[in-house]
Structure formats: C-alpha cells, structure tokens
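Reminder, nothing fancy here: chain letters follow the sequence lines and each chain counts from 1. All values reported here derive from a predicted model rather than from experimental measurement.
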Number of protein chains: 2
Amino acid sequence: MGVTIYEVAREAGVSPSTVSNLLNGRSGRMLPETRARVEAAIRRLGYRPNRAARQLRNGRVQVIGLVVPSVANPFWGAFARHVEGAALTQGYHVLLCNSERDPDRERGYLEELWDDGVTGVILCTSLPSLTHVLPLVKRGLKLVTFDRTAQAGDPAGLTNISVDNVVGAQLATEHLLSLGHRRLGFISGALGSVNRKERYDGFRAALVAAGLDPDDAVVWSEAYEDTFGDLDAAGLGRAAAREILTGANPPTGIVAINDMCALGVYAGARDAGRRVGTDVSVVGFDDIVLADLVDPALTTVRQPLADMASTAFDNLRSRLESPATGPGHSLLIRPELVTRSSTTPPV
Amino acid sequence: MGVTIYEVAREAGVSPSTVSNLLNGRSGRMLPETRARVEAAIRRLGYRPNRAARQLRNGRVQVIGLVVPSVANPFWGAFARHVEGAALTQGYHVLLCNSERDPDRERGYLEELWDDGVTGVILCTSLPSLTHVLPLVKRGLKLVTFDRTAQAGDPAGLTNISVDNVVGAQLATEHLLSLGHRRLGFISGALGSVNRKERYDGFRAALVAAGLDPDDAVVWSEAYEDTFGDLDAAGLGRAAAREILTGANPPTGIVAINDMCALGVYAGARDAGRRVGTDVSVVGFDDIVLADLVDPALTTVRQPLADMASTAFDNLRSRLESPATGPGHSLLIRPELVTRSSTTPPV
DNA sequence: ATGAAAGCGCTAACAT
DNA sequence: ATGTTAGCGCTTTCAT
C-alpha cells in the first residue's frame with residue numbers, strides 16, 4: 001500500500017532504525033547531516049507511518065473513546081465537539097458512541113473500544129452503579145466519567161467530572177422562590193440516574209430552606225416505563241407540562257431537569273393555553289445555545305461545557321500517558337444561574 | 001496484554017491456523033468436534049482478537065470516518081447519530097471529525113483517517129470543489145459526500161447523496177407565494193457552498209414561475225467575511241432578520257437557509273418587534289426536532305435524515321467490501337414540505 | 001482435516 | 001553514530 005520505513009531508509013542510505021529514531025524524537029544521537037538526509041527522503045517519498053504497525057508494536061493508539069447518551073441531543077453534540085477540539089490539539093482522535101443510556105450498550109461499546117486498542121474513554125453516564133464496566137476497568141481501561149458524581153462502591157482510580165447538581169438546582173429553585181413563587185413544580189425523567197436525583201435533592205433543599213414543605217411541590221418524574229428515552233427530553237417536558245398545568249392547583253414556577261426538557265415545557269404550556277414568562281415561570285439546566293434563542297429566552301443553570309470537556313480530556317490523557325495510576329478523584333464544578341425572561345414574579 | 005490466538009490454540013490442543021480458520025468463518029473444513037473444542041477454549045479464556053494485528057495483516061479496519069461541519073449543530077448531531085446507528089448494525093465504528101467547513105481541516109482529517117487505516121469516509125461538505133481531497137481519493141479512499149450534489153470536475157467513483165435543494169427551496173417559496181406573500185426575503189450564509197446556491201436558485205425559480213422579478217426579493221447572504229461560521233447559523237439568522245425587518249420595505253415572508261437559521265430569524269423578528277406567524281411568515285429547511293417544538297411551530301422542508309444516513313453508510317460499506325470501483329453516482333432525494341404555524345397569509 | 005511458517009510495518013534492545 | 005534483529009498477533013498459502 002503505502003511507503004514503508006524500509007523504503008525511506010533505502011532512499012536515505014541509512015538503516016530503518018535510524019529513520020525510526022528520527023520519527024520518535026531521538027534525533028539527538030544522529031549527525032545533523034544524516035538527519036537532514038532522512039528528512040528529505042521522508043518528504044520526497046511522502047512517507048507516513050503505518051499506525052496499525054505502530055499500535056501492534058507499542059500497544060497504544062492516539063485515540064480515545066467518547067460515549068454519550070446521544071449526539072442528537074444538542075447538549076451532547078456541543079460536548080462532543082468540545083472534546084474533539086481538545087483532543088485534536090494533542091493529536092488524538094475521538095471514536096464516538098451513542099449509548100442511549102443503556103448499560104448494555106455502554107459495556108458493549110467499551111469492550112469494542114478496548115478491542116480496537118482504545119485504552120481511554122470519557123463515559124458520559126449517570127448510572128448509579130458502574131458494575132457493568134468494572135471488568136474493563138480491571139483490565140486497565142482508563143475511565144473518566146462525565147455527568148456523574150462519585151458513588152460509594154465505585155472502582156478505584158476513576159476520575160469523575162460533573163457540575164454540582166445539588167447547588168445548580170438550588171440556585172434555580174431559590175431564584176423562583178425569590179421571585180415570589182410558592183407553588184413549584186419539578187419535571188424530570190426517572191430519578192434513577194444520579195444527576196437527576198441530585199437535582200431533585202437540590203430542589204427540595206431549597207424549598208426546605210425557605211420554610212416550605214417539599215412534599216407540596218408538584219413532582220413529575222416519569223415512571224419506570226421509559227416512554228421517552230433520553231433523546232426525547234423535550235417530548236417528556238411537553239407531556240408533563242401539559243398534564244401538570246391543566247391539573248388541579250398547578251404550579252406557577254417550574255424547574256425542568258434540563259434545557260431540552262424546558263423547551264418541551266414551553267410547548268406543553270402552550271398546549272395548555274399558558275404562556276411561559278407570564279403565566280408560568282420556567283428554569284432549565286445546561287444553558288445550551290438555544291436557551292438564549294427561544295421566546296422567552298430561558299433562565300437556566302449554566303454548565304461551563306467547554307472547560308469541562310477540556311478538563312475531562314486533559315485528565316484522561318495524563319492518565320494515559322503517565323504510568324502512575326493515582327487514586328482518582330472527583331471534580332465538582334460550581335454552576336451559575338443565567339437569568340433571562342422565562343422567569344417573572346407570579347401573577 | 002490480552003489473550004492471544006496461540007494461547008487459545010494451546011488450550012484447545014490445535015494449531016493457531018485452526019483457530020484462525022474458525023474465526024474467519026472457515027469452520028466447514030473442520031471436524032465438528034475440533035470446532036467445539038476451539039470454541040470452548042475461546043470462551044474459557046475470554047479471547048478477543050487483536051484488531052491492530054488483524055489490521056496490519058489485512059490492511060483494513062471496520063471503521064469509517066464521518067466528517068461533519070460541527071456536531072454541535074443539532075442537524076449534524078442527529079445525522080451523526082443515525083450514521084453511527086447504521087454502522088453499528090454492521091459491526092462498524094465511526095470516527096467523528098468536525099471540519100467547521102474548513103477545507104484545510106477536511107483534508108487534514110482525511111489524511112489522519114487514512115493513516116489510521118480508515119479507507120472509507122462520509123464527508124459532509126458543500127464545497128463546490130473537491131480538489132483538496134483529490135490526492136486521497138487517488139490513493140484509494142472511498143468517499144461518500146453528503147449534502148453536496150455532483151459537480152463538474154469531481155473525481156470519478158464518488159457517491160453523492162443530497163436532498164434536492166432546488167426543489168426544496170421551490171416548495172418553500174411556492175408555499176409562501178400560495179399564501180399570498182409577494183415580497184419575500186431569503187436569508188443565508190455566503191452562497192459559496194453548492195447547497196446554499198441551489199436553494200437560492202430554487203427560491204428564484206419559484207419567484208420567476210409566479211411572474212415575479214426575483215431581483216425584487218430581499219436577499220441577505222452574508223458576505224465573504226465569515227462572521228458567524230457554521231456553528232452560528234442561528235446568530236446569523238437573528239442578525240439578518242433584525243436588519244431586514246427594520247429596513248425599508250421589509251418582506252412579509254422569509255425563506256431561511258435552514259432550521260437553525262430560521263430559529264435565529266424568530267429571535268431577530270422579536271428583536272425587531274415583529275411576531276413570526278402573524279407579522280411575518282418564516283420557512284426553514286431540514287425539519288430538526290426543534291422545528292415542531294418552538295412557538296410558532298416551524299414550517300419547513302423535511303430532509304429524510306435517517307434514510308439518507310443509512311443509505312450513505314450502506315453505499316460506503318458496499319464499496320468498501322466489494323473490490324469493484326463502479327462509476328459512482330449521485331442520489332438526489334426529493335424533500336417534502338411540512339406545514340406548521342410559522343406561515344400564514346400576509347396581513 | 002490440520003499444521004508450519006512467513007510476513008504485514010514498526011520499534012527498541014543490543015550490537016558494532 | 002548507526003545497523004541488525006527479534007518480535008508485536010494475526011492470516012494465509014503451502015505442506016502433510
């Protein structure tokens with residue numbers, strides 16, 4: 001197929017090892033003259049090293065895996081783009097996988113990636129238990145989890161990167177409270193995932209701190225039957241809002257589990273004949289690009305996505321490139337509230 | 001590292017070639033008894049073939065490249081997800097690259113992918129010329145372009161898959177015309193890419209067919225300076241709509257180059273004190289998930305994305321797996337108009 | 001029906 | 001300072 005290191009060696013009148021030495025930054029032990037000759041040969045022949053051979057020999061590739069619930073979701077799309085950007089600057093490529101939040105798919109992907117020689121993966125999951133990927137971690141897979149805080153029973157040597165969901169949800173809820181809302185709603189998918197649970201905890205904590213009974217809040221958390229999947233956070237928000245707002249004693253302020261869900265709430269409110277920002281206030285979570293585009297512009301809890309993505313990549317890379325395992329750690333990023341027009345005092 | 005084929009062979013009391021034969025579907029020439037023994041050994045040892053070794057030997061990998069402008073854009077995110085889904089069913093993986101519509105990045109990625117042993121790529125580009133990737137194609141890279149129709153001077157053996165942009169834009173424009181609009185606007189990024197140009201042509205064709213002078217239309221196509229990039233189609237739509245709608249003799253109906261741009265137009269209209277679906281009608285292109293979620297729901301030209309994605313993958317795979325090159329061809333998909341609430345008769 | 005052996009392209013001891 | 005060489009794990013003729 002392509003030009004091999006032997007042909008370069010012959011062209012330059014040296015041995016393959018000299019070419020290899022140059023290629024691997026060991027040009028110090030080489031006559032400048034020789035070096036120039038080899039470099040010229042490489043250029044003349046348009047030589048490019050065969051990665052498969054390199055990988056077979058060295059056991060590693062400059063590729064990381066990225067497992068997200070679904071890139072069709074703008075939040076994950078944006079995250080993927082940032083990860084890819086960070087990887088690119090370090091000469092790494094990104095293998096993309098959509099898990100649909102299915103543990104079996106997560107595990108299956110990690111195994112496939114491992115077979116591909118990929119030894120580092122950023123796994124975006126919020127599953128409370130990581131037992132399904134434990135065998136891989138034991139074999140040496142370096143894992144950075146994103147969107148999931150450390151849990152008891154996690155394997156050692158793991159890095160977790162997540163926004164502080166409790167604080168974020170508190171900020172959102174306190175904002176509604178400070179506007180004068182007293183009857184609040186919380187709309188989410190099933191609370192089985194740790195980040196949703198944490199956001200819910202933050203929501204309740206804020207209510208308690210304000211002297212309210214959190215059990216009076218209207219909570220819509222899709223039951224075990226996963227009708228909507230992750231893809232359709234918007235569909236879920238829409239159905240939930242429609243039901244809640246047409247029910248008895250509807251809330252005047254709603255905390256949505258994330259921005260896509262909040263956009264669904266917009267639609268559901270419309271279906272129910274209410275207007276967001278007037279009849280009902282809505283706060284989201286994430287601050288996706290669309291949040292500032294919709295009408296009314298969405299008040300939301302911002303995740304510093306670009307920073308988090310490059311932190312995740314950098315951490316993974318350093319663990320990939322340095323032999324030391326380290327104890328692993330958790331990074332909890334503090335989010336901030338971005339106030340826009342979807343939240344107003346109650347009528 | 002892992003278990004090798006030699007260990008399996010020893011465990012089963014056979015030679016490596018027998019194991020390899022089994023692995024490669026040549027189990028017919030084998031005593032059922034032997035076969036069972038090998039299979040048991042594989043299972044017992046948890047053997048998984050080393051892909052790098054396989055690739056080095058065979059020269060191919062079950063990986064395709066996917067180059068999109070940016071997965072942060074929901075349209076491309078959705079497309080990427082569909083491609084990955086199609087690939088998965090055939091045991092292929094997808095290496096994701098964001099080109100930002102930069103020819104240098106496109107070329108750079110293709111070269112990197114080639115070095116990785118990836119010989120098939122779905123390239124989402126609308127660049128009129130493909131000269132920057134020609135060297136790779138000559139070396140044997142199989143290319144399927146998406147979102148770009150065949151152009152004169154294209155290398156042979158190329159498959160192009162695209163929606164019929166001319167027809168799509170015509171449908172959009174005719175719809176506005178049939179509603180009674182006479183003063184129309186067209187909002188787009190620079191018309192340097194073939195799909196934008198085609199949509200613009202369709203827009204003009206519909207105007208001409210209706211007996212209108214297309215030069216009377218208000219056309220906003222961002223000049224050479226790329227202030228917004230592809231990422232920010234929405235920002236562009238917003239700025240354009242704001243300017244156009246506050247200018248003299250504003251249009252009553254607007255065709256936006258795509259849905260993200262249309263959502264920007266919504267915001268720009270709002271900035272200008274107009275309401276979409278009442279004061280001004282807007283048609284988009286793509287039918288992303290959000291189109292049905294926003295207020296008013298967006299009338300748009302639907303691209304059958306899932307079908308197009310699997311067609312693109314299937315075509316690439318068949319060219320990858322069969323030695324014949326074939327003449328290459330273009331697939332022009334006919335889009336359909338989805339009428340929603342953003343378009344109404346002019347006031 | 002099964003095995004032996006060469007070699008894919010590269011790297012790193014280990015020579016010289 | 002540079003060259004020789006032995007594999008990394010797999011597949012595939014070519015033997016047996």
Task: Atom-pair distance (CZ on B:R37; C1' on C:dA1), nearest Å - done: 12 Å
- [ ] Looking only at side-chain atoms of B:R54, point me to the closest of C:dC10, D:dG3, D:dC10.
- [x] D:dC10
Open item on the list: Quick check on D:dT2: is either OP1 or OP2 less than 4.0 Å from any side-chain nitrogen or oxygen of A:S15?
Closed with: no
Task: Distance in angstrom units between A:N21 CG and C:dT11 P, rounded - done: 9 Å
- [ ] Could you tell me whether the phosphate oxygens of D:dT2, OP1 or OP2, come under 4.0 Å of any side-chain nitrogen or oxygen in A:R26?
- [x] no
Open item on the list: Does C:dT11 have its OP1 or OP2 closer than 4.0 Å to a side-chain nitrogen or oxygen of A:N24?
Closed with: yes
Open item on the list: Which nucleotide wins on minimum distance to the side chain of B:V14, given the candidates C:dA1, C:dA6, C:dG3?
Closed with: C:dG3
Open item on the list: Measuring to OP1 and OP2 of C:dA12, would you say a side-chain N or O of A:S20 lies under 4.0 angstrom away?
Closed with: no
- [ ] Verify the contact: side-chain N or O of A:Y47 to OP1 or OP2 of C:dC10, cut-off strictly under 4.0 Å; return yes or no.
- [x] yes
- [ ] Could you check how far CD1 of B:I5 sits from P of D:dG9, rounded to whole Å?
- [x] 11 Å
Task: B:L136 vs B:L113, side chain to side chain contact (heavy atoms under 4.5 Å, CB included): CA-CA, chis, key distance, verdict - done: CA-CA 10 Å; B:L136 272 302; B:L113 288 167; over 6 Å; no
Task: Salt bridge present between B:E112 and A:R51 (N-O < 4.0 angstrom) - done: yes
- [ ] Please report, rounded to the nearest Å, how far the P atom of D:dT2 is from the CD atom of A:E33.
- [x] 8 Å
Task: Minimum-distance nucleotide (side-chain atoms of B:L56 versus C:dC10, D:dG9, C:dT2) - done: D:dG9
- [ ] Answer with yes or no whether B:S17 presents, from its side chain, a donor or acceptor under 3.5 Å of a partner atom in the base of C:dA4.
- [x] yes
TODO: Find the distance B:R35:CZ to C:dA1:P and express it as a whole number of Å.
DONE: 13 Å
Task: Residue-phosphate contact under 4.0 Å: B:T4 side-chain N/O, D:dG9 OP1/OP2 - done: no
Task: Ion pair B:R44/B:E7, N-O distance below 4.0 Å - done: no
Task: Rounded distance in Å - CG (A:N58) to C1' (C:dG9) - done: 11 Å
Open item on the list: Would you say A:N160 and A:T145 are linked by a side-chain donor-acceptor pair, where the criterion is simply a distance under 3.5 Å?
Closed with: yes
TODO: Compare the minimum distances between each of C:dC10, C:dT2, D:dT12 and the side chain of A:N50, then state the nucleotide with the smallest one.
DONE: C:dC10
Task: Atom-pair distance (CG on B:L22; C1' on D:dT12), nearest Å - done: 16 Å
Task: A:D147 versus A:S126, side-chain donor and acceptor atoms under 3.5 Å - done: yes
- [ ] Using atom CG of B:L31 as one end and atom C1' of C:dT2 as the other, report the distance to the nearest whole Å.
- [x] 10 Å
